[in-house]
Amino acid sequence: MKDWRYLLAEQRGTLLALGIFIVMFIIYTTNHPAGFTANVVQTAANKGVLLAFVAMAQTLVVITAGIDLSVGMILLLTNCLASWLVVGTPLETTLGVIAVLAAGLVCGAINGAIVIYGRLQPIVATIATGAVYYGIGLLLRPFPGGSVNEDLADALTGKLFDVIPTSLVALLVVVLVVWVPFSRSEFGRAAYAAGSSETAAYMSGVPIRRGKFIAYALAGVLASVGGLFLTFFTYTGEAAYASGNSYTLFSIAAVVLGGVSLFGGKGSAIGAIFGALAFRTIGDLLFVFDFDPLWQPLFQGVILLIAVSLGAFALFRVRNRLEWFL
Amino acid sequence: MDGAVPLFRMEGISKRYGGVRALEKADLEVTAGSIHAILGENGAGKSTLIKTMAGVVAPDEGRMTLDGREVSFASPAAANQAGIVCIFQELSLIPELSVADNIVISDPPKRFGMIDRRAQRQIAQEALARAGASDIHPRALVKDLPLSRRQMVEIAKALARKPRILILDEATSALTAADVAKVFEVLKRLRSEGLALLYISHRMNEIAELADHCTVFRNGRNVASYKAGTKSDNEVVELMIGREYSHIFPPKPAAAPAATPVLEARNLSWADRLDNISLSVRAGEVVGLGGLDGQGQRELLLAFFGVLRGLRGEVLIDGKQAFISSPKAASDDGIGMALIPEDRKTEGLMLPMTVRENLSFAALDRLAKGGIIDRAAEQRLIDDMVGLLAIKTAGLDIPVGALSGGNQQKVVIAKWLMRQPRIILLNDPTRGIDVGTKQEIYQLMRKLADQGAAILFYSTDYDELIGCCDRVLVLYDGSVKRELVGADITEHALIASALNIHGEGADMKQGAGA
Amino acid sequence: AGPEVVSGPAAQPDCFAPWSADTKFFKYPKKEGPFRIAFSNGYIANTWRIQMVQTAKAYAAQPDVKAKIKEFKVVSTGEDVPAQISAINNFIDSGYDAIVTDAQNPTAFGPVIKRAKEAGIVLVAFDNILDTKDAINVNVDQKGLGELWAKWLVEKVPNGGKILEVRGVAGTSVDTDRHNGIHEVLDASGKKWDVTEVAGKWDDGVAQKVTADAIATNGPFDGITGQGGDTGIVQAMIDAKHPFVPFGGETENGFRKFCAQHSADGLKCTSAGSGPAQVAVAIKTAIAALEGEVVPQEVKLPLAIASDPDMKEGTDYFPKESDNFFVGNSFPTCGINFSAQEIMGQTKADQ
Amino acid sequence: MSETTLGGIAGRMPKFIRRADPAVLTAFACIVILLLLGSLYSRSFLSPEYLLQQLKVASFLGVIATGMMLVILLGQIDLSVPWSVAAGAMMACAAAAYGPVGIALAIPFGVLCGVAIGIVNGIGVAYLRIPSMIITLATNAVAQGLMVVYTGGFSPQDSATAAMRYLATGFTIPGVPNAVIIWALIGAAMVFVLTRTSFGRAVYGIGNRERAAYLSGIDTRRIVMIAFAVSGGLSAFGGVLLAGYASKAAQSMGDAYLLPSIAAVVLGGTSILGGRGSYLGTVAGVILITLLQSILSVMQMPEAGRQIIYGVVIVAMLLLYGRAPASR
Ligand SMILES: Nc1ncnc2c1ncn2[C@@H]1O[C@H](COP(=O)(O)OP(=O)(O)OP(=O)(O)O)[C@@H](O)[C@H]1O
Ligand SMILES: Nc1ncnc2c1ncn2[C@@H]1O[C@H](COP(=O)(O)OP(=O)(O)OP(=O)(O)O)[C@@H](O)[C@H]1O
Ligand SMILES: O[C@@H]1[C@@H](O)[C@H](O)OC[C@H]1O
Ligand SMILES: [Mg+2]
Ligand SMILES: [Mg+2]
């Protein structure tokens, strides 16, 4: 029958996010003094990719109908760790990268274990673990500093063939290596199933716990990829509390803009990536429009408010009021 | 039992939930190649029994053997592995996933460690075909399907697991006659293929048609086990409810009252689901809504109750045009409407809240002065209702979710009666409810009508429509195709008009669902 | 395309004072004005920063400065370091002549500094400065500030004793520098000090709360030093009926009001800090550099100090004004003489 | 069907068993343990001055958490707390600049600003069906923007009025800080609303199953809207008290209240999914969080260690009593 219709329906959230992003990005680049140049794209990409990783991490957890309020802190912690470990010879650097990813994995796994086996509500559990991760980050970097293998950092934040931002390529690789296999695996499906209806999934013999656990653990890994990129981008580690919190909150905004349902079971990390890029472009718009600096926070707030309200227009098409309630 | 070795045996199984004894030393034997029906009133322990079999519930005591070897299942997955597959009473489909995803959910086909979506679709299509539901698109999301289609998906899903023992716990409660027929064919075929089937239903005619062997449960024990056909319906019912049973439907009054209609619709249309519906219900009248499931009956009730937007046509209350924009407006004093919704668990009740809180929930505005609840008045009214409906509960301050289905349904009805509604809309109120409770509900309906209520009653059960209604309107594709009055309400007439045979094409296929 | 390293002194030696004897001096190739100057701020939602941004605008609007500036663009990016890095990158790509920044992180801007240097753009950091020798830094001496407060306590509490140290935001260099300054001086004094440290986060409410806790459990104290939120600290002392003791703190007007009011009761204060008007010095430095003048790589600003008994109503504190602004807002040696009221009030009149 | 029918059975179970929530009891037990542990470090942890001081400081969080709890009971969340608090404080102080009338109306005006933020949240959640987690995030950003513009453009007065100071730090009853009395009053009102009014019932009903509540003739959107407005108002009122306490308003004063208010509500046994929880639990949660923060601060634990212990203790306490029931 009309397969493409089903396909379209499945991808609607992602496509909407893509649409919002493209419109915003066009507005941005056409008004940018330097125009649509490789440099401008690279700058935007480096900044956007960071949030995209964190948003992907958040997506995995949100799909299970959970939420991870510690992603930002895992980002900070792994950033601090990377600023110690990702240095030296190529071999040392490689080991360092592995160690950082492993740390992210451990953080995510702890979250997962507490939520799944400890049966705690994810919001508070991750508020608490977030404090712990931040504390460890602060132990590692009481004040900003450290360094990173600059060759690797430059390579990953630079441009491929002088045009394509390497960070975007890295993002693509992570999507292919982490997201695609996960979402198509039995465990990924279990994560979706658990998020959509945990009882039904349990009754159907779905490996819910493992699915959810893997989602949380991979979220930790993705956040640590974000932490690595933060290090590549800044050459340092810093345990900046406010910044960790804002990454967490931004990741939620990105996920929602990306069409991932906070109620679980629905959405894709690809959507969340575009959500993240769109969200970042809101900030960029400040640059091209001449706003009084005092008005800038308000402008950003209002754009965010409008963006999150966009989805509400679908509401006017709802003819059966019961559909308001899920 | 025919001397055959039982495939599966349960002995002395007990399960308690707090103070409730769901199962008390229950026994059961299941043989390959036969259909075993389990009967019992609501809360008798049927679901608990099969949940134990299926690894959902851990029994407190007792043993289970499969092929003579003792087994215990840590999870539904483990039971599946052993070949026991269950279609649960509460559907176990995942709403946000596609039909195909759902069908293969427990053991998806894989390629390179990832789910092979092509193979999955293949499997799904085959399973749907076997279940007689090839009209369902494997890519459709389950949440977009109506309840009857979901039950078909559930059956397909069970078949895809290639079970040795297949359990159906009220798996047909929302199905239309046509679907039931298809499912029965499938079940009979499975029996001939050597499967053991366990079948739970409150519909006696289904059991009569299908079962080889029957076991009756009461209060968590199996009270009788007999070969199908060896007991009369009345005997079975008496076994179930533990008392004598007769006259399931109350007598109807001789003549319909001739007052002006309390509720009237003129040319009501909505989206593509309701098409020019006109009807009227008078005080003292029970008007039935018939037809195949999904022909707009539910939408019609929701339309009256102020839930639907963009309604065209007129709704009149006491002959005056009314604009009802919300359930609140519908239930306000001037109109006095009540709706017993389709799904008591998500629409009728707040399961974790207490019986008390649920009972008074729809009448808070009446029980409160200046927003403060008059607790004495609340208690009085609740006592009245609990008495009137004979609600069986361990107390008013336990969660309503701990009541059995029938009693939950009574709570839903009671909570609306607390407002003394003049117009009562009932959306299939007896689904999955045992005969004893059904009878009480029928009597209540008639009593309310006699006291002057106007009742609009949708049911998927033709017997009910015949037994309870003064008139029946048969809906087809969103419009009223036929009105049956008094003695004209026969099973034949209902089915014929439900399939729209009187009008045009005689061999209408029932495929409106997907 | 970086600057030439030359020998001092700087063009306006009173204002552009080198940090230390071995501070290098820069001479950038002279450019023709008027200039396009960009300002990248990070966080904006506190009074200090708002006062700072207003000062920047007011300074850029002064006729003599305005004549030299073709465009003055300000972007505040919030707490997120990468966003600020990107903003500066964008400024670089858009060809601004000079970029002034209050940086969210001292060590994160390495790549940006490199790019700015290659593009021949003058980069000036102030307040939260950059950890580099390749851009210009303008700042007060944070460690010196800690030393100043500690010296005050050593002097006023001559026999040593119990000190409450209310610190700032953990992990920032400002907090660390000030803390180190305090402890070096205390240790060097040879007296016995028992220091209770709490984190006040430069916020009155937080500082007040932790002070109240500390007084209840570890008090009373013989002296107090606070990095910020000092109004709250004094308030907590009053609420707990803690005796007034010598205090080394920041330049909040509210704090100074308390100091003046309770000086006779023993609240002997020294008040010094980093004025938001450093932004004006930073812009001034950027313009000087663009005009080819010699400037030090690190500019050390004088602390705006007011100590008991010399706090003067109307210059050092303003009883009728808000508690919430930082009084030290002028740098006379640089010809920058905005008063905080002027800055915050001026725009009020404009609206 | 024939046995125990009928309703009068309600009275049979002793009331205290039905009412006493194990989570609340454990939370209070944890408070006692914390105090005992603290007293090992310093005797003053058990002194009346210290305890009153803690209660006073707790009352700010208590007022804010009251609003948060209402919203959480609905199954929603309010992330606009930080700038609702700041806006309440700043606007109350700002109003005081406008003569005696301004001074008189300062507190209600501040609270009203919070209510306004709450109403925007409420419209978003109830009428536009935007998930609360995201709409409140957005209004928080907008409120922040407005405050920055206002401060920079108008340099509003930011010192607290005498009335605000009196509410936060004065004494009407000797020995009991006014802030504590205010919290007690607000708490009592909340308990009354939740248990005795139709509004309270509706809140629990919506939190459990909004669809069923709607079909029961509840104007669910109005209730949700009111709950958010109340939450905004209480946040702002918390800000007013804080400003009174610190005698001035500041931009960032609300930042420190978002996560603790959520944690306090949940530590008190309220389900983050809505529909379940008692106010007494929130009281316990608020005191727990306040004490924990205070003890860690006084022990001069470096920030890093403090964060780690804070997190670990919260997880540990929740594992002790905040676990969801096992699935079978
Ligand atoms: N999870 C549970 N918690 C508390 N009580 C339960 C639970 N499950 C079942 N019960 C109780 O156990 C008893 C048996 O329930 P069960 O579901 O087995 O009945 P049933 O025969 O399937 O009824 P129905 O025909 O209504 O489906 C009932 O009294 C029910 O209230
Ligand atoms: N998780 C649970 N917690 C508490 N009670 C439960 C739970 N699960 C099931 N029950 C109760 O167990 C009983 C049996 O449930 P089940 O859904 O099988 O039958 P039912 O309630 O009679 O429904 P129906 O009338 O649709 O057959 C019901 O009283 C149900 O509310
Ligand atoms: O220098 C600090 C400034 O960066 C911050 O914004 O406010 C407090 C100041 O001490
Ligand atoms: Mg059952
Ligand atoms: Mg049932």
Side-chain angles (χ1 to χ4, degrees), chain C residues 43-51 53-54 57 76 165 167 169-171 175 195-210 212-219 229 231-232 234-236 238-240 252 254 257 321-325 340-341 343-348 350-351, chain D residues 38 41-45 47 49-54 56-57 60 83 85-86 89 93 97 144-145 147-149 151-160 165 168-169 177 239 242-243 245-257 290 293-295 297-300 302-304 306-307:
Chain C
Y43 178 63
I44 190 168
N46 74 8
T47 322
W48 196 97
R49 292 291 172 106
I50 291 176
Q51 193 176 330
V53 166
Q54 297 293 60
K57 286 199 296 189
S76 294
E165 181 193 359
R167 300 184 57 170
V169 172
D175 174 65
V195 183
T196 300
E197 286 174 38
V198 289
K201 305 203 170 156
W202 295 329
D203 176 273
D204 281 293
V206 179
Q208 184 174 354
K209 222 182 324 186
V210 294
D213 283 350
I215 290 174
T217 53
N218 292 28
T231 320
V234 179
Q235 189 65 54
I238 297 173
D239 289 347
E252 298 105 322
K257 284 193 313 202
E321 306 281 334
S322 157
D323 284 350
N324 227 352
F325 63 86
Q341 300 69 21
I343 287 302
M344 302 302 276
Q346 187 182 31
T347 39
K348 190 176 185 175
D350 287 350
Q351 300 287 329
Chain D
Y41 171 81
S42 154
R43 271 292 156 83
S44 359
F45 277 103
S47 69
E49 299 86 57
Y50 178 77
L51 294 177
L52 275 177
Q53 156 68 16
Q54 290 316 305
K56 177 162 96 179
V57 171
F60 310 132
W83 286 90
V85 170
C93 294
Q144 165 177 355
M147 290 303 111
V148 167
V149 168
T151 312
F154 297 83
S155 63
Q157 173 176 325
D158 57 9
S159 37
R165 297 228 0 98
T169 60
L242 270 173
Y245 177 64
S247 66
K248 54 169 255 199
Q251 307 259 341
S252 56
M253 61 198 303
D255 292 357
Y257 287 87
T290 308
Q293 284 177 341
S294 159
I295 289 175
S297 150
V298 171
M299 287 172 85
Q300 295 191 58
E303 179 74 6
R306 209 181 307 173
Q307 293 279 346

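So that the names make sense, note that chain A is the first sequence line, chain B the second, and so on, each numbered from 1.
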Review point. Is chain C contacted by the side chain of D:R306, its backbone, both, or neither, given a heavy-atom distance below 4.5 Å?
Key: side chain
Check your understanding: Where on D:A249 is there a heavy atom nearer than 4.5 Å to chain C: the side chain, the backbone, both, or neither?
Key -> backbone
Review point. Do any N or O atoms from the side chain of C:Q208 and from the backbone of D:Y245 form a donor-acceptor pair under 3.5 angstrom?
Key: yes
Study note, to complete from the structure: Assert top hit (heavy-atom pairs under 4.5 Å, partner chain C, pool D:S252, D:G145, D:S159) equals D:S252
Revision key, fill the gap. Here the pair of heavy atoms bringing C:T217 nearest to D:S42 is O-OG, 3.8 Å
Exercise for review: First locate atom CD of D:Q251, then atom CH2 of C:W48, and finally report the distance between them rounded to the nearest 0.5 Å.
Suggested key: 14.0 Å
Study note, to complete from the structure: Okay, D:E49 and chain C: the region with an atom under 4.5 Å from a heavy atom over there is neither
Revision key, fill the gap. Looking only at C:T196, C:D239, C:D203, the option with the highest number of non-hydrogen pairs under 4.5 Å against chain D is C:T196
Review point. Measuring heavy-atom distances to chain D, does C:V234 have an atom under 4.5 Å in its side chain, in its backbone, in both, or in neither?
Key: neither
Point to revise | Per-residue contact mode, D:S294 against chain C (heavy atom under 4.5 angstrom) | key: both
Point to revise | Distance-minimising heavy-atom pair for D:R165 and C:Q235 | key: NH2-NE2, 2.7 Å
**Study point:** Distance-only side-chain donor-acceptor flag, D:Q293 / C:D213, under 3.5 Å
**Key:** no
Review point. Take atom NZ in C:K201; do more than 12 heavy atoms of anything else shown fall under 6.0 Å from it?
Key: no
Check your understanding: Among D:D255, D:I295, D:V57, which has the most heavy-atom pairs under 4.5 Å with chain C?
Key -> D:V57
Check your understanding: Heavy-atom distance under 4.5 Å to chain C: side chain of D:Y41, backbone, both or neither?
Key -> side chain
Revision key, fill the gap. Output for pair (C:I215 CD1, D:S44 OG), nearest 0.5 Å, gives 12.5 Å
Point to revise | Part of C:A212 lying under 4.5 Å from any heavy atom of chain D | key: both
Review point. How long is the gap from NZ on D:K248 to CD on C:E252, to the nearest 0.5 Å?
Key: 6.0 Å
**Study point:** Largest heavy-atom contact set with chain D, pairs under 4.5 Å, which of C:A207, C:A216, C:G254
**Key:** C:A216
